[in-house]
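Structure first, commentary second.
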Amino acid sequence: MKKLYVLLASLVMLMAFAVAGCGSTTDSKPAAGASTGTAPEIKAIQDRGVLKVGVKVDVPKFGFKDPKTGQIDGFEIDLTRTLAKKILGDEKKFEVQGVTAKTRGPLLDNGEVDLVIATFTITEERKQSYNFSDPYFTDGVALMVKKDSGITDLKGLADKTIGVAQSATSKKAIQEAADKQGIKVKFLEFGTYPEIKTALDSSRINCFSVDGAILYGYLDDTTVILNDRFTPQEYGVASKKANAGLAKLVNDTINDMKKSGELDKLIQKWGLK
Ligand code: GLU
């Protein structure tokens with residue numbers, strides 16, 4: 001009997017030891033990157049040595065590729081520089097990839113880019129799929145028509161056709177505005193902005209609608225951007241839903257830039273106010 005007690009006691013001790021051992025193993029084995037308090041996706045960018053960002057290449061002052069030099073520059077490229085500096089300690093350590101309204105989500109999904117900084121409007125629906133930072137800029141949906149059309153406002157587009165991009169917020173915004181004004185408008189959807197401009201040039205459509213900033217990239221001698229603006233478009237930096245650590249770092253950086261006045265300085269630098 002005594003032997004049995006001893007055996008039981010040692011068994012209990014052994015089990016307690018094993019449990020404690022398990023506990024300590026879990027405690028002492030940090031998640032990848034956690035030893036420095038860095039989220040794994042941030043660590044991965046640091047190990048790679050370059051931040052990959054999806055930007056616009058056809059939006060003057062935001063993300064625009066100079067056709068002569070091939071250089072991409074703008075307010076959103078400057079934001080990219082600040083984030084590269086924050087994550088990698090060097091504002092030059094970034095790579096950009098041109099995106100459209102249609103491609104930017106899939107590029108985030110498949111991990112080809114870490115962030116999208118590309119006139120990406122924050123919406124409740126999009127927040128289901130991606131992390132968005134707090135807004136860094138607010139634009140509005142605008143209308144571009146041919147100068148010789150004589151159209152001066154949305155009312156002038158009653159029963160006419162408006163060209164919009166697929167996967168953009170424009171159609172919903174203009175539909176709501178038209179409903180409010182009690183007019184009917186028709187829409188034609190296109191994959192890219194150059195296609196919409198071509199359709200406007202050939203009078204297949206009567207109007208090209210998207211955010212004002214984007215329309216400026218397509219303005220020429222034959223067209224005019226009307227003064228009306230619809231549905232404020234708040235732009236945020238987007239990241240993959242799973243990358244919460246990266247999203248927090250980005251959001252903290254944007255908010256630090258707001259507090260320090262750096263964001264306003266950039267907005268002024270690019271003549272956006
Ligand atoms: N900003 C709008 C959106 O996110 C217009 C589309 C675009 O950014 O290309 O839907």
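All values reported here derive from a predicted model rather than from experimental measurement. Atoms within a ligand are numbered from 1 in the order they appear, just like the ligands themselves. What's counted below: heavy atoms across the whole structure, side chains too, no hydrogens, waters or symmetry copies.
- Pairs passing the ring pair (Phe, Tyr, Trp, His ring centres under 6.0 Å) check and including a residue from residues 92-120, sequence neighbours excluded, read F120-F132.
- The distance from ligand 1 to the heavy atoms of Y235 drops below 4.0 Å at these ligand atoms: 1 (N).
- For ligand 1 and R104, the ligand atoms under 4.0 Å from any heavy atom of the residue are 3 (C), 4 (O), 6 (C), 7 (C), 8 (O), 9 (O), 10 (O).
- Looking only at heavy atoms of the protein, atom 1 (N) of ligand 1 is closest to D211 OD2, 2.6 Å.
- The list of salt bridge (Lys or Arg N to Asp or Glu O under 4.0 Å) pairs with a residue in residues 165-183, not counting sequence neighbours, reads K171-E189, K172-E176.
- Less than 4.0 angstrom separates some heavy atom of A101 from each of these atoms of ligand 1: 9 (O).
- Counting only heavy atoms of the protein, atom 6 (C) of ligand 1 lies nearest to Y193 OH, 3.1 Å.
- By the criterion of a heavy-atom distance under 4.0 Å, neither the backbone nor the side chain of Q166 is placed next to ligand 1.
- For S170, no nitrogen or oxygen atom sits less than 3.5 Å from a nitrogen or oxygen atom of ligand 1, counting backbone and side chain alike.
- With respect to E262 and K265, no salt bridge is recorded, no charged nitrogen being found less than 4.0 Å from a carboxylate O.
- Listed by number with element, the atoms of ligand 1 under 4.0 Å from a non-hydrogen atom of K56 are 7 (C), 8 (O), 9 (O).
- Under 4.0 Å from ligand 1, not a single heavy atom of D139 appears.
- The existence of a salt bridge linking R48 and D114 is confirmed by a sub-4.0 Å separation between a basic side-chain nitrogen and an acidic carboxylate oxygen.
- Clustering ILVMFWY residues whenever any of their side-chain heavy atoms sit less than 4.5 angstrom apart, transitively, puts V50 in a cluster other than the one holding V250.
- Atom numbering of ligand 1 starts at 1 in the shown order; those under 4.0 Å from a heavy atom of A168 are 6 (C), 10 (O).
- Within a 6.0 Å sphere centred on NZ of K147, heavy atoms belonging to other residues, nucleotides or ligands number more than 12.
- Annotation for K86: atom NZ does not count as buried by contact number, only 12 or fewer foreign heavy atoms lying within 6.0 Å.
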